[in-house]
Amino acid sequence: MKIPFNKTYLTGDEEKYIHESLLSGQVSGNNQFCKKVLSMMNEKYGYDSAFLVPSGTAALEMGVVLADLQPGDEVIVPSYTFSSTVNAIVLFGAFPVFCDVDPKTMNIDYTKIEVLITPRTKMIMPIDYAGVPCDIDEIMEISNRHHLIVLQDCAQSYGSYYKGVPSGKKAHIAAFSFHETKNYSAGEGGLLINNVPEWHLRATFLQEKGTDRSLVINGQKNKYSWVDKGSSYLLSDLLAAVLYAQLHHEDEIKAKRAKLTEAYINLFKPYVINDTIQIFEPKDYVQLNHHAFWAIFPTLEEKLTFMNKLKEKEIYVYIGYIPLHSAPYGLKLGYKPEDVPITEDLGNRIVRLPFYTSLADEGLDYTIKNMKAILFEIYGF
Ligand SMILES: *Cc1c(COP(=O)(O)O)cnc(C)c1O
């Protein structure tokens, strides 16, 4: 049996809605299915200033433009993230200031943010790694004290909650992804959430190539023109139709994925109790969307043994991110591996386990059984 690291889940409704979208004759952005998706999201999560965009990457970029990031500004960001988080900074001529992570979540360690603030600091960009919300209350408190903007990379945390509040609602701006590797997929797709009411109108301009077309659509003007900078930050209605199908099954998908989290927690429990292997320790006020699962081994060698033995069984795990500060482009920016020491160390020893919705239906027992046997081989218990 072959267990890939990731696999796209189909609900069965995708084709029906794509067909409906095609027949509508209006398949560009902000049409029928985009509206349906946005109103569903607003109802469920209260996302009332929301924009469907072509990707999580585009959501981050649009967010940075909305925050008015300028060349020379500094942005505090964890180094343990996907390249897109930091590309949104460097593409606009700003500079990423890498902050270390909290080993309990692999999210930004908020206690290490304040020492990194300089007169040039403009933003903080935390991420919700593995769908576990970052310490957003503490981060917002720091941002208020220093007048900084918080753009939360929620690419992995659609459907997670922090103190009963949906992920992304507490930051100024949040970016979500509906890439095929995420819980809910449009193939490629993303979502920008804006929580600053005065920025809403400008966000509609940025999404529509810097024009005030939104005012024409809602009847406030009869001709639109170029009013600001912007780009094409629109998700096609065809892809919104796919997303609509997926989000219609949101709770069912979440429930299946919860089984994976539970199985992995049970698998690693003896090793966690014994202080051998580390897994996430989310705060009790966090509710997971069950995006992913990771484990940190005591040494790089033990991690590699675990990975190689699994590969023999055709179970594919993933090494996780190469920390950005010590990746080739991070080094080019002037960083050294030892600049972000905890991230550098944990990044070597972490492994991401197979995690996809249909694994709950097929392959989970096989995966757990083999992992258990291999852990026994390595540790003798
Ligand atoms: C997936 C991901 C992105 C990028 O999303 P795309 O939709 O693939 O552009 C950005 N940041 C993080 C943390 C991600 O996991």
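Since this is a predicted model, take the numbers as computed values, not measurements. Counting starts at 1 for both ligands and their atoms, following the listed order.
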**Q.** Near-ring test Tyr129/Phe280, centroid separation under 6.0 angstrom
**A.** no
Q | Residues in side chain to side chain contact (heavy atoms under 4.5 Å, CB included) contact with Glu114, at least two apart in sequence or another chain | A | Ile117, Ile142, Arg145, His146
Q) Phe268 vs Tyr264 aromatic rings, parallel, tilted or perpendicular, using cut-offs 30° and 60°? A) tilted
Q: Under the side chain to side chain contact (heavy atoms under 4.5 Å, CB included) rule, collect the residues that match up with Leu91, sequence neighbours excluded.
A: Glu61
Q) Hey, which atoms in ligand 1 end up nearer than 4.0 Å to a heavy atom of Gly189? A) 7 (O)
Q.
Less than 4.0 angstrom from a charged side-chain N to a carboxylate O is my criterion; do Lys104 and Asp135 meet it?
A. no
**Q.** Residue, atom name and distance, where the atom is the protein heavy atom closest to atom 11 (N) of ligand 1
**A.** Asp153 OD2, 2.8 Å
Q. With a 6.0 Å cut-off on ring centres, are Phe5 and Tyr356 close enough?
A. no
Q) N/O of Gly56 under 3.5 Å from N/O of ligand 1, yes or no? A) yes
Q: Just let me know how Thr57 lines up against ligand 1, side chain, backbone, both or neither, with a heavy-atom cut-off below 4.0 Å.
A: both
Q) So which of His248, Gln246, His249 actually passes side chain to side chain donor-acceptor pair (under 3.5 Å) with Asp13? A) His249
Q.
At less than 4.0 angstrom from any non-hydrogen atom of Tyr321, what atoms of ligand 1 do you find?
A. 13 (C), 15 (O)
Q) Which one of Lys182, His291, Gln156 has a non-hydrogen atom at the shortest distance from atom 2 (C) of ligand 1? A) Lys182
**Q.** Contact (N/O only, under 3.5 Å) between Ser177 and ligand 1
**A.** yes
Q) What's the shortest distance from atom 14 (C) of ligand 1 to any protein heavy atom, and which residue and atom give it? A) Ala155 CB, 3.3 Å
**Q.** Side-chain donor/acceptor of Asp100 to backbone N/O of Thr343, under 3.5 Å
**A.** yes
Q: Using a strict 4.0 Å cut-off to heavy atoms of His179, name the atoms of ligand 1 that fall inside it.
A: 7 (O), 8 (O)
Q. Which of the numbered atoms in ligand 1 are below 4.0 angstrom from a heavy atom of Ile127?
A. 13 (C)
(Q) I need the atoms of ligand 1 closer than 4.0 Å to a non-hydrogen atom of Ser55, numbered in the order shown. (A) 7 (O), 9 (O)
